[in-house]
There are 2 protein chains.
Amino acid sequence: MQQLNRQEVRQRLVAYSLKATHQRIVVYEALLELHGQHPAAEEVFRLLKPANPSISLGTVYKTLDVFAESGLVQRVSSEQGCKRYDANTLAHNHIYCSNTREIIDFEDPELEELLQSYFQRRHMHNFQMQGFAIQLTGNKIDPGNRITITKL
Amino acid sequence: MQQLNRQEVRQRLVAYSLKATHQRIVVYEALLELHGQHPAAEEVFRLLKPANPSISLGTVYKTLDVFAESGLVQRVSSEQGCKRYDANTLAHNHIYCSNTREIIDFEDPELEELLQSYFQRRHMHNFQMQGFAIQLTGNKIDPGNRITITKL
DNA sequence: CTCCCTGCAAAATTTTTGCATCAAT
DNA sequence: ATTGATGCAAAAATTTTGCAGGGAG
């Protein structure tokens, strides 16, 4: 995720027709900082609170909801039973690790292209497709290390 | 989803090393009946309760959890922030409708095969892949009708 | 008979809501 | 100045837990 300064965050909020309040700015910055972790509201709040002692948990909930509705961030599917968010609206593919319960983004342009052309050859009746995503499930061997994918 | 009688449900529970209690049987039957709806615990409970007035909501929660841990049913990813379950452990592909908030199963053997062979040509470092799933997002045009997919 | 499952109710967790006040445009 | 966002606290919704009694193997 790219690094954004205050001014850029402001502009991005405005681009999504959102009032650029201080709380919204810091919530969005927290999401950027927690990039790759797909945090729930509570986790965003915990990160924010020390530097912004006056912010309230309710506001974080409301803000994340507004962000998701506006399309500024994505709600991420999870099996954990709580709402989780991602500032990266481009990467849609996720790896679920059943060991560590992590949700890990991955991008694979070749795979996207393969699916793109596959779905172009299908016709959906009564459905307007907006996008697709792939999820891999499995286990990290070494929980402390990263997962990498290479061609054979 | 295939129709199962009591005896077959019993056998299936036992096959997953689960004691075949009356509550487990009716919870599993409810999941079969709600096939395609990916219900949360509460919805399973509502369906069950009239015919089984003595069953408790807590038991439904525990039972669904036990089912998911044993592999008898799947937890289904959702963006709704509650745990949802599916008795169909074969179909992994889902369509999310942002209009109706439905999660709709779909199977597409050709697509599975395509992905299967794709992933066989990749190597995952530090990850043991167990399976993959595709999710389509979009909108049902007519909420009252089914979605169908055909080749062009 | 034994062990695990169940019902119940309380507690914990997560999320939403109402309202007076405050701040961004 | 206006409008909508915030903080706070209460309420609602969801999920977990502890324990005494009950039922399956």
Side-chain angles (χ1 to χ4, degrees), chain A residues 6-7 9-30 38-46 48-70 72-73 75-85 101, chain B residues 6-7 9-30 38-46 48-70 72-73 75-85 101:
Chain A
R6 279 279 152 107
Q7 205 42 240
V9 171
R10 271 204 140 72
Q11 282 165 11
R12 185 169 289 196
L13 287 167
V14 171
Y16 283 83
S17 321
L18 299 172
K19 225 183 236 183
T21 67
H22 179 251
Q23 289 86 339
R24 287 179 176 179
I25 291 166
V26 294
V27 167
Y28 191 70
E29 286 176 344
H38 307 88
E42 181 67 39
E43 298 164 291
V44 172
F45 179 69
R46 267 207 303 279
L48 242 51
K49 187 68 176 175
N52 306 270
S54 74
I55 204 170
S56 100
L57 179 57
T59 297
V60 174
Y61 271 99
K62 284 176 197 164
T63 301
L64 289 170
D65 199 48
V66 168
F67 283 2
E69 290 305 318
S70 73
L72 174 61
V73 309
R75 282 202 194 88
V76 178
S77 317
S78 98
E79 299 170 11
Q80 310 313 129
C82 64
K83 293 190 181 168
R84 298 172 68 167
Y85 298 85
R101 316 227 133 194
Chain B
R6 280 279 151 108
Q7 205 41 239
V9 172
R10 272 204 140 69
Q11 282 163 11
R12 185 166 291 199
L13 287 167
V14 171
Y16 283 83
S17 321
L18 299 172
K19 224 182 236 183
T21 67
H22 179 251
Q23 289 86 339
R24 287 177 176 181
I25 291 166
V26 295
V27 166
Y28 191 71
E29 286 175 344
H38 307 87
E42 181 68 39
E43 298 164 292
V44 172
F45 178 70
R46 268 207 304 278
L48 243 51
K49 187 69 176 173
N52 306 270
S54 75
I55 204 171
S56 101
L57 179 58
T59 297
V60 174
Y61 271 100
K62 284 178 197 163
T63 302
L64 288 171
D65 199 47
V66 168
F67 284 2
E69 289 305 317
S70 73
L72 173 62
V73 310
R75 282 201 193 89
V76 178
S77 316
S78 96
E79 301 172 8
Q80 309 313 127
C82 64
K83 292 191 183 170
R84 298 173 67 167
Y85 298 86
R101 318 227 130 193

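Per chain, numbering begins at 1; letters A, B, ... match sequence-line order. Heavy atoms only: backbone and side chains are in, while hydrogens, waters and symmetry mates are out.
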Chemist: Tell me, with the steps shown, if A:Arg24 and A:Leu18 meet side-chain contact (heavy atoms from CB on, under 4.5 Å).
Modeler: CA-CA 9 Å; A:Arg24 287 179 176 179; A:Leu18 299 172; 3.9 Å; yes
Chemist: Atom CD1 of B:Ile55 to atom C1' of D:dG23: distance rounded to whole Å?
Modeler: 14 Å
Chemist: Would you mind building the protein contact string for nucleotides 11-25 of chain C? One character per nucleotide, 5' to 3', B for base within reach (heavy atoms under 4.0 Å), S for sugar-phosphate only, - for untouched.
Modeler: ---SBBBB------S
Chemist: Taking all non-hydrogen atoms of both residues, which atom of A:Phe45 and which atom of A:Ser56 are closest, and how far apart?
Modeler: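 Shortest heavy-atom separation between A:Phe45 and A:Ser56 comes out as CE1-C, 3.7 Å.
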Chemist: Is A:Ser54 close enough to D:dT6 that one of its side-chain N or O atoms is under 4.0 Å from OP1 or OP2 there?
Modeler: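 False: A:Ser54 side-chain N/O out of range (4.0 Å or more) of D:dT6 OP1/OP2.
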Chemist: Closer than 4.0 Å, any side-chain N/O of A:Thr59 to the OP1 or OP2 of D:dG7?
Modeler: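 Checking A:Thr59 against D:dG7: at least one side-chain N or O falls below 4.0 Å of OP1 or OP2.
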Chemist: Quantify the bending of the helix from C:dC1-D:dG25 to C:dT25-D:dA1 as the angle between its end axes, each fitted on five pairs, to 10°.
Modeler: 50°
Chemist: Between A:Leu13 (CG) and D:dA5 (C1'), how many Å, whole number?
Modeler: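 These atoms are roughly 13 Å apart.
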Chemist: Which whole-number value in Å describes the distance from B:Arg24 CZ to D:dA24 P?
Modeler: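 Taking CZ of B:Arg24 and P of D:dA24, I get 12 Å after rounding.
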Chemist: For A:Gln23, give me all partners under side chain to side chain donor-acceptor pair (under 3.5 Å), at least two apart in sequence or on another chain.
Modeler: none
Chemist: Are A:Tyr85 and A:Val44 close enough that some pair of their side-chain heavy atoms sits under 4.5 Å apart?
Modeler: no
Chemist: Give a yes or no on whether the backbone of A:Val76 and the side-chain of A:Arg84 come within a donor-acceptor separation of less than 3.5 Å.
Modeler: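 Checked: no pair found.
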Chemist: Sequence neighbours excluded, which residues qualify as salt bridge (charged side-chain N to carboxylate O under 4.0 Å, His left out) partners of A:Arg75?
Modeler: A:Asp65, A:Glu69
Chemist: Could you list the residues that satisfy side chain to side chain donor-acceptor pair (under 3.5 Å) with A:Arg6, not counting sequence neighbours?
Modeler: A:Glu29
Chemist: Checking B:Glu43 now: which residues fulfil side chain to side chain donor-acceptor pair (under 3.5 Å) with it, not counting sequence neighbours?
Modeler: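 B:Glu43 satisfies side chain to side chain donor-acceptor pair (under 3.5 Å) with no other residue.
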